[in-house]
There are 2 protein chains.
Amino acid sequence: MVTIRDIAQAAGVSPSTVSRALNDSPLLPDGTKSRIREIARELGYERNELALGLVKGVSRVLGLVVPDIGNPFFGEIARGVSNTAHNSGYSVVLCNTEGDRERERVYATLLRRRRVDGLVLASVKMDDPYVLELARSQTPYVLVSRLSRFVDAPFVVVDDREGGRLAVEHLVRLGHTRIGFIGGPSDVQSSNDRMEACREVLDDHRIDIDETWLRSAEFTQQAGHEAGLEILSGPTRPSALFAANDMIALGVMQAADELGVTIPAELSLVGFNDIAYAAFPRIQLTTVAQPTYDMGCIAAEYLLAVTQHGRKRKLRKFLEPRLVVRNTTAPPGTTSSGTQQTQPRAKRGLRSKKGR
Amino acid sequence: MVTIRDIAQAAGVSPSTVSRALNDSPLLPDGTKSRIREIARELGYERNELALGLVKGVSRVLGLVVPDIGNPFFGEIARGVSNTAHNSGYSVVLCNTEGDRERERVYATLLRRRRVDGLVLASVKMDDPYVLELARSQTPYVLVSRLSRFVDAPFVVVDDREGGRLAVEHLVRLGHTRIGFIGGPSDVQSSNDRMEACREVLDDHRIDIDETWLRSAEFTQQAGHEAGLEILSGPTRPSALFAANDMIALGVMQAADELGVTIPAELSLVGFNDIAYAAFPRIQLTTVAQPTYDMGCIAAEYLLAVTQHGRKRKLRKFLEPRLVVRNTTAPPGTTSSGTQQTQPRAKRGLRSKKGR
DNA sequence: ACCATCGGATCAAACGTTTGTACGCAGTGG
DNA sequence: CCACTGCGTACAAACGTTTGATCCGATGGT
């Protein structure tokens, strides 16, 4: 590999002069600078960022910790982080924890060793102790998509209460009064928030809640399927269900199909997340969209802001979710399923905003 | 940050001794080693990998270049790469190119600057010139999922011909004779391979090909929808379609639904990739599964093998795809009456086979 | 008593940069 | 003619490691 002193030798100057030339220092006359740069180019010089990082004490690298990069939700976040980081000349090292606590902490120290300038944590289980540990260390970090009550860190999450409100108010407005809710694991804050919002809306409208229509499930299609079967085969059936996430909703859909309950005529269904496949022709799930990509972007921006000029004010953002109405919701007791208003899916409008 | 010399001072030894202690050098007696390690631990020492990388000329970092990390296909590859890299003590820096050539080359030089030990390229458009450039540079790399004819690099791809064969033979075995194919962009090798395999199988079975049932489309649902509409509303309809990827197949499914063509009764449909959502209750797409995660793992293994002990033999792997039969394929004409017409003899040999 | 050996530890160079300081030199104003 | 200024450049230290060479004292053999 050609170094700065190779260039120095070729140009008949000292290494420091070469360094200044390449960094466009005002101490050097333009003539010298361009001459040296030319030589550097000819020699195919590539500066060694490791050495740079060593002397500057800064690596221009961000760490991104996600539980499952194969999951498009985190994939989109990663895309946002990666793109904005790249635009600021930062690289991002990917840490896939597979949801494993132990790996999380291993990664945390690994990243500290590499002297990353900051961390984006998308993996945090609520109140994970290692976040506390991290908070004590020097490395700045920002939480994304989930937040921890225990630490006072910058974060960017979607406003889950607002999302829940959007979903349930949509149902109420359609005329539903028999509304059920299938939540995620009870230790997931965002799920609880959605649930609470649901209760609030129903309270506001003086609508009673039938506790047998409330369930808690894993965030999987499987779990949604089971919960759906239970609720729908009960003695009284709700006319609408709000699921805390799209996977659960899809499970419910499967259950409904199996029981011969038609959607949306006999059951309205709302999900959460707007995973790409909610828009599929045969699915057409009404759901609450999160600006996932944007979350990644903003998280990276926050982190860069903190690393570059220290935290100024509180960096914390609740992003607005958006209701996407498709074909799984209708007024209760509708018989024909063909009379649906189809709101064409907003073509990833959020994505184009900051993409590429 | 506490350095090795801080420890040295605290222990009353020289920095080199500390270094040897931490690296478990046999030159030091066990007593000293453990004593120093203890002090290091108390001080909360974290070794600086940047410095290490500088002196060793090796960074223990791999670069991963993908076009879209939000796409679960690449997400799974990333997961494989990340996990195996991590098991060998390597980190991986994520490069999301958004399919942009320019970004690809920017990333390539950025990664060289960071002195990454190797690259996993999942983004390569067939015969991309920058791969050539890369091939000349020192950095070892391995291609995954797509390969380039022009360079002789290690790669791991799925055997697309075999995949195509599986799909079409499945259709033939069901009794189909009027079979169409919707390929991806014509500069994507894997799509072409699937297509060729398709032709071969049909040839083997002496089944004519109607060229009007052949289309080329982008790898999107949108494009699949258009192609599907064209083919299905033509004067003669195939009884089966093989799509070069699941997104296209889903587009076709949408087209069929719109045209009132029932699947699988009137049209059998096979996709490629087995994206997670092909298994959804309402979709149930028969498709060819790729071991995506494994591809990532093997790619990383290859790369590590090359970086650690230079390439020994040719590292190249064709992974076996697997046919997943769901509900979009059935014997032809299950319900439909005799709309069957004998096809005009297809003109053949538009394109001669290119060798490989 | 001498030399060789050896265990245990230090020295110093090296990795490739950046950057504060100093140096030499030309011009300028007094 | 001196002091000053400004410009262009060089020197050298520093960043945090690793590692070959070296050193020192004790031990053992002859």
Side-chain angles (χ1 to χ4, degrees), chain A residues 1-37 39-40 43-61 89 109-117 138-139, chain B residues 1-37 39-40 43-61 89 109-117 138-139:
Chain A
M1 284 261 101
V2 31
T3 83
I4 217 176
R5 20 175 45 95
D6 296 331
I7 303 173
Q9 197 159 14
V13 297
S14 80
S16 49
T17 302
V18 175
S19 172
R20 292 193 227 269
L22 296 177
N23 291 317
D24 201 17
S25 157
L27 295 178
L28 259 50
D30 291 349
T32 316
K33 284 198 273 196
S34 54
R35 187 172 65 88
I36 294 180
R37 288 214 198 98
I39 296 179
L43 263 47
Y45 170 75
E46 298 271 15
R47 88 136 151 266
N48 188 329
E49 296 277 347
L50 267 54
L52 179 63
L54 182 56
V55 53
K56 290 243 183 166
V58 154
S59 60
R60 291 178 82 77
V61 172
T109 78
L110 200 66
L111 290 171
R112 264 203 299 276
R113 285 211 221 293
R114 292 215 187 279
R115 299 298 190 269
V116 295
D117 298 338
Q138 303 298 333
T139 331
Chain B
M1 284 260 98
V2 32
T3 83
I4 216 175
R5 20 174 45 96
D6 296 332
I7 303 173
Q9 198 160 12
V13 297
S14 79
S16 46
T17 302
V18 176
S19 172
R20 290 193 226 272
L22 296 177
N23 291 317
D24 201 19
S25 157
L27 296 178
L28 259 49
D30 290 348
T32 317
K33 284 198 275 195
S34 55
R35 186 173 63 89
I36 294 180
R37 288 214 197 97
I39 296 179
L43 264 46
Y45 171 74
E46 298 272 14
R47 89 135 150 265
N48 188 329
E49 295 278 345
L50 266 52
L52 180 61
L54 183 58
V55 52
K56 290 243 183 167
V58 155
S59 59
R60 292 178 82 79
V61 171
T109 78
L110 200 68
L111 290 171
R112 263 203 300 275
R113 287 211 221 292
R114 292 217 186 276
R115 297 300 188 271
V116 296
D117 297 339
Q138 304 297 334
T139 331

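Here is how names work: the chains are called A, B, and so on, in the same order as the sequence lines, proteins then strands, and each is numbered from 1.
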I'd like to check the side chain to side chain contact (heavy atoms under 4.5 Å, CB included) partners of A/Leu111; sequence neighbours left out, ordered by chain and number.
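A/Leu111 satisfies side chain to side chain contact (heavy atoms under 4.5 Å, CB included) with A/Val65, A/Val93, A/Cys95, A/Val116, A/Leu119 once adjacent residues are dropped.
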
For A/Arg20, which residues count as a side chain to side chain contact (heavy atoms under 4.5 Å, CB included) partner, sequence neighbours excluded?
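A/Arg20 satisfies side chain to side chain contact (heavy atoms under 4.5 Å, CB included) with A/Ser16, A/Ser25, A/Leu27, A/Leu28 only.
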
Compare all side-chain heavy atoms of B/Arg60 with those of A/Leu110 and state whether any distance is below 4.5 angstrom.
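In short, these two side chains do not touch, never coming nearer than 4.5 Å.
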
Kindly indicate whether the side chain of B/Glu49, heavy atoms from C-beta on, has any atom under 4.5 Å from the side chain of B/Val61.
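Contact flag for B/Glu49/B/Val61 side chains = no.
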
Sorted by number, the residues of residues 8-22 of chain B with heavy-atom contact under 4.0 Å to DNA chain D
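Nucleic-acid contacts, sorted: B/Ser16, B/Ser19, B/Arg20.
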
Which distance, rounded to the nearest 0.5 Å, do you find between the CD of B/Gln9 and the CG of B/Leu43?
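Result: 10.5 Å between the selected atoms.
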
Interatomic spacing from CG in B/Asp117 to NZ in B/Lys56 - rounded to 0.5 Å:
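Those atoms lie 12.0 Å apart.
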
d(CG, A/Leu54; C1', C/dT19) in whole Å
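The distance from CG of A/Leu54 to C1' of C/dT19 comes to 14 Å, rounded to the nearest Å.
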
Please give, in whole Å, the distance from C/dC6 P to B/Leu27 CG?
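About 14 Å, once rounded to whole Å.
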
Checking A/Arg47 against A/Leu52 for the side chain to side chain contact (heavy atoms under 4.5 Å, CB included) test, could you report, in this order, the C-alpha distance in whole Å, the side-chain angles of both residues, the deciding distance, and whether it holds?
CA-CA 8 Å; A/Arg47 88 136 151 266; A/Leu52 179 63; 3.4 Å; yes

In residues 43-50 of chain B, which residues come under 4.0 Å of DNA chain C by heavy atom?
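Correct list: empty, so none.
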
To the nearest 10 degrees, how far apart in direction are the end axes of the helix from C/dA1-D/dT30 to C/dG30-D/dC1, each fit to five base pairs?
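About 70°, once rounded to a multiple of 10°.
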
Contact boundaries of DNA chain D with chain A (under 4.0 Å, heavy atoms), 5' to 3'?
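Boundary nucleotides touching chain A, in 5' to 3' order, are D/dG8 to D/dG16.
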
Under the criterion side chain to side chain contact (heavy atoms under 4.5 Å, CB included), I'd like the reasoning laid out for B/Tyr45 against B/Leu22: C-alpha separation, chi angles, the key distance, then a yes or no.
CA-CA 10 Å; B/Tyr45 171 74; B/Leu22 296 177; 3.5 Å; yes

Can you list the residues that meet the side chain to side chain donor-acceptor pair (under 3.5 Å) rule with B/Asn48, with sequence neighbours excluded?
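Scan of B/Asn48 (side chain to side chain donor-acceptor pair (under 3.5 Å), adjacent residues dropped) gives none.
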
In chain order, what residues pass the side chain to side chain donor-acceptor pair (under 3.5 Å) check against B/Arg113, with sequence neighbours excluded?
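For B/Arg113 the side chain to side chain donor-acceptor pair (under 3.5 Å) partners, ignoring immediate neighbours, are A/Glu46.
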
Describe the nucleic acid contact of B/Thr32 in one word from base, sugar-phosphate, nothing, applying a heavy-atom distance below 4.0 Å.
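Sugar-phosphate contact only.
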
Before you tell me yes or no, could you show the steps for B/Asp30 and B/Ser34 under side chain to side chain contact (heavy atoms under 4.5 Å, CB included), namely the whole-Å CA-CA distance, both residues' side-chain angles and the distance that decides it to 0.1 Å?
CA-CA 6 Å; B/Asp30 290 348; B/Ser34 55; 5.7 Å; no

Listed partners of A/Arg115 passing salt bridge (charged side-chain N to carboxylate O under 4.0 Å, His left out), at least two apart
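For A/Arg115 there are no salt bridge (charged side-chain N to carboxylate O under 4.0 Å, His left out) partners, ignoring immediate neighbours.
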
Output all residues satisfying salt bridge (charged side-chain N to carboxylate O under 4.0 Å, His left out) with B/Asp24, sequence neighbours left out; order by chain, then residue number.
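By the salt bridge (charged side-chain N to carboxylate O under 4.0 Å, His left out) rule, B/Asp24 matches B/Lys33, B/Arg37.
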
